[in-house]
Amino acid sequence: ARLKRAVRRLLRRPRLSFDRSRALEDALRDVFAPARWTFVSFVHVESVMSRLPPGSRVMSIGGGARLATDRLLALRHPRLSLLGTDLACSQLASDLCPPNLVWRPLDILAQVGDASFDLVYSVECFEHIEDDHRAFSNALTFVRPKGSFLVIVPFATPRDQQDTAT
């Protein structure tokens, strides 16, 4: 019941045209159908994005092949410019993108950024990267000064629990 109320609130704001509303409903279904706990991750990213001024640049690292969460967030925030990235880039994901979302391949271990994004976020991606410290360092190079970096991971490995470096 709580999930249904939250989804209804998301569909109510902002006022959407019919086509946009249908796309939003489809994206909601793609994101939340596999597992209800995904909603918690989405709410954290949504909360940060809702505080960004219009025209802000947002980057997603490891959006996945279907790009479902990135599509949903782009539909929710049409005044923000989003870049969805993943190691693999499918044409299907590009075809489903709303106008404010661009989809590109990115190897976070090999590329460094230009500090041009107001928000860089990653949901359940870094636990799949063997050299997570390097990936984290490279990801931070995409964040502008005074920007935000949001990382959500589902668990900490035994090595991570023993890591004392900050």
**Student:** In Å, rounded to the nearest 0.5 Å, how long is the span from CG of Leu82 to CE of Met59?
**Tutor:** 11.5 Å
**Student:** Report the residues that fulfil side chain to side chain contact (heavy atoms under 4.5 Å, CB included) with Val143, sequence neighbours left out, ordered by chain and then residue number.
**Tutor:**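 Residues passing side chain to side chain contact (heavy atoms under 4.5 Å, CB included) with Val143: Val120, Phe149.
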**Student:** Taking all atoms of both residues into account, what is the closest heavy-atom pair of Trp103 and Cys97, and its distance?
**Tutor:**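 Closest pair (atom of Trp103, atom of Cys97, distance): CB-SG, 3.9 Å.
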**Student:** I'd like to know if the side chain of Asp118 and the backbone of Arg57 have a donor-acceptor N/O pair within less than 3.5 Å.
**Tutor:**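 At least one qualifying donor-acceptor pair exists.
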**Student:** Among residues at least two apart in sequence or on other chains, which ones pass side-chain hydrogen bond (donor to acceptor under 3.5 Å, both in side chains) with Ser137?
**Tutor:** none
**Student:** Please walk me through it: do Arg79 and Ser56 pass side-chain contact (heavy atoms from CB on, under 4.5 Å)?
**Tutor:** CA-CA 8 Å; Arg79 293 188 176 114; Ser56 294; over 6 Å; no
**Student:** Between CG of Leu73 and CE of Met49, what distance do you get to the nearest 0.5 Å?
**Tutor:**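 Interatomic distance, Leu73 CG to Met49 CE, rounded to 0.5 Å: 5.0 Å.
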**Student:** Of all heavy-atom pairs between Ala139 and Phe126, which one has the smallest distance, and what is that distance?
**Tutor:** CB-CZ, 4.0 Å
**Student:** Determine whether Tyr121 and Val48 satisfy the following criterion, side-chain contact (heavy atoms from CB on, under 4.5 Å), listing intermediate values before the conclusion.
**Tutor:** CA-CA 10 Å; Tyr121 72 90; Val48 175; over 6 Å; no
**Student:** How far does NE2 of His133 sit from CG of Leu109, to the nearest 0.5 angstrom?
**Tutor:** 12.0 Å
**Student:** For the atom pair CG (Leu83) and CG (Leu101), what is the distance rounded to the nearest 0.5 Å?
**Tutor:** 8.0 Å
**Student:** Only one of Asp70, Thr69, Thr85, Asp86 clears side-chain hydrogen bond (donor to acceptor under 3.5 Å, both in side chains) with Ser60; which?
**Tutor:**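 Option passing the side-chain hydrogen bond (donor to acceptor under 3.5 Å, both in side chains) with Ser60: Asp70.
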**Student:** I'd like to know if the side chain of Ser122 and the backbone of Ile61 have a donor-acceptor N/O pair within less than 3.5 Å.
**Tutor:**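 Yes, Ser122 side chain to Ile61 backbone: donor-acceptor pair under 3.5 Å.
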**Student:** Just by modelled atom types, is the Cys125 backbone N or O under 3.5 Å from a matching donor or acceptor in the Glu127 side chain?
**Tutor:** yes
**Student:** Is there a chain of hydrophobic side chains (I, L, V, M, F, W, Y, each step under 4.5 Å between heavy atoms) that links Val112 to Leu106?
**Tutor:** no
**Student:** Evaluate side-chain contact (heavy atoms from CB on, under 4.5 Å) for His77 paired with Leu52, printing each intermediate quantity in order.
**Tutor:** CA-CA 10 Å; His77 299 281; Leu52 293 174; over 6 Å; no
**Student:** How far does CD of Glu46 sit from CZ of Arg51, to the nearest 0.5 angstrom?
**Tutor:** 10.5 Å
